[in-house]
Amino acid sequence: QVQLVESGGGLVQPGGSLRLSCAASRRFFSINSMGWYRQAPGNQRELVATITSGDSPDYADSVKGRFTISRDSAKTSVDLQMNSLEAEDTAVYYCNVRGRIYSYYPIQNYWGQGTQVTVSS
């Protein structure tokens with residue numbers, strides 16, 4: 001199995017920045033995409049940003065121009081640089097990897113445990 005561990009969350013003032021990191025406990029055999037989702041209290045989990053195996057990023061409209069997703073060449077980590085944070089960004093952020101952890105495993109979604117981001121003055 002594989003563990004996805006997020007880090008970098010915390011409390012930040014509006015307009016501030018945070019960098020979230022997600023580290024996989026092992027390399028995936030293959031990856032379709034890596035990304036970040038978030039869930040605020042009372043809301044559904046929503047896509048924040050993803051990056052495909054071809055390094056094509058996709059962002060939610062609400063974070064375009066403020067957030068940047070990136071990953072390492074080995075595809076064992078994915079980061080989310082968050083700038084100009086707003087109160088509406090407050091949520092638990094979850095790392096997601098869609099792929100195969102072993103050649104004989106099916107394509108599945110794997111999730112981290114979540115890291116809290118709170119934007120407040």
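The first residue in the sequence is number 1, and the count goes up from there. Computed from a predicted structure; not experimentally measured.
We find the OG-CZ distance between S53 and R98 to be 12.0 Å, quoted to the nearest 0.5 Å. Between the OG atom of S33 and the CG atom of D58 there is a distance of 10.0 Å, given to the nearest 0.5 Å. Within the model, atoms OG of S30 and CD1 of I107 stand 6.0 Å from one another, a figure rounded to the nearest 0.5 Å. Taking CG from L11 and OG1 from T118, the interatomic distance works out to 6.0 Å, rounded to the nearest 0.5 Å.
Looking at heavy atoms from C-beta onward, V2 lies in side-chain contact with Y110 at the 4.5 angstrom threshold. Counting heavy atoms from C-beta on, the side chains of Q116 and Y93 never come closer than 4.5 Å. In this structure, S17 and M82 have side chains that are not in contact, with every pair of non-hydrogen atoms separated by 4.5 Å or more. Considering only heavy atoms from C-beta on, T90 stays 4.5 Å or farther from S120 through its side chain. Side-chain atoms of T115 and Y94, non-hydrogen and from C-beta on, never get closer than 4.5 Å to each other. Contact of the V119 side chain with the Q13 side chain is not registered, since no non-hydrogen atoms from C-beta on lie closer than 4.5 Å. Residues V97 and N109 are not in side-chain contact: their nearest non-hydrogen atoms beyond the backbone lie 4.5 Å or more apart. Between L18 and V117 there is a side-chain heavy-atom pair separated by less than 4.5 Å.
One hydrophobic cluster holds both Y105 and L4 under the rule that ILVMFWY side chains link at heavy-atom gaps under 4.5 Å. Hydrophobic clustering, with ILVMFWY side chains joined whenever heavy atoms are under 4.5 angstrom apart, groups I101 together with V78. Hydrophobic clustering of Ile, Leu, Val, Met, Phe, Trp and Tyr side chains at less than 4.5 Å, counting indirect connections, keeps I51 apart from L47.
At least one test fails for R100 against the ring of F28: distance under 6.0 Å to the centre or angle within 45° of the axis.
Inspection of the Q113 and E6 side chains reveals an N or O donor paired with an N or O acceptor under 3.5 Å. For the residue pair S70 and D79, no side-chain donor N or O sits within less than 3.5 Å of a side-chain acceptor on the partner. Side-chain contact, S84 with E86: no donor N or O sits under 3.5 Å from an acceptor N or O. Under 3.5 Å, the side chains of Q39 and Y37 contain no donor-acceptor pair of N or O atoms.
The shortest non-hydrogen separation linking A40 to A91 is N-CB, 3.8 Å. Residue G9 comes nearest to L20 through the heavy atom pair N-CD2, 3.6 Å, listed as atom of the first residue, atom of the second, then distance. Between P14 and S121, the closest heavy-atom pair is CD-N, 3.7 Å.
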Side chain to side chain contact (heavy atoms under 4.5 Å, CB included) between T52 and N32, worked out: CA-CA 6 Å; T52 69; N32 296 80; over 6 Å; no
Residues L80, T68; criterion side chain to side chain contact (heavy atoms under 4.5 Å, CB included); working and verdict: CA-CA 6 Å; L80 185 70; T68 303; over 6 Å; no
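Relative ring orientation between Y102 and Y104 is described as parallel, the plane-to-plane angle staying below 30° on a 0-90° scale split at 30° and 60°.
The 12-atom threshold is exceeded at CZ of R19, counting heavy atoms of other residues, nucleotides or ligands nearer than 6.0 Å.
Between the side chain of R38 and the main chain of V92, no donor-acceptor pair closer than 3.5 Å is present. Here the side chain of Y59 pairs a donor or acceptor atom with the backbone of I69 at under 3.5 angstrom. The backbone N or O of A23 lies less than 3.5 Å from no partner atom in the side chain of S77, so there is not a single donor-acceptor pair.
Taking the six-membered ring for Trp and the full ring otherwise, W36 and F67 have centroids separated by 6.0 Å or more.
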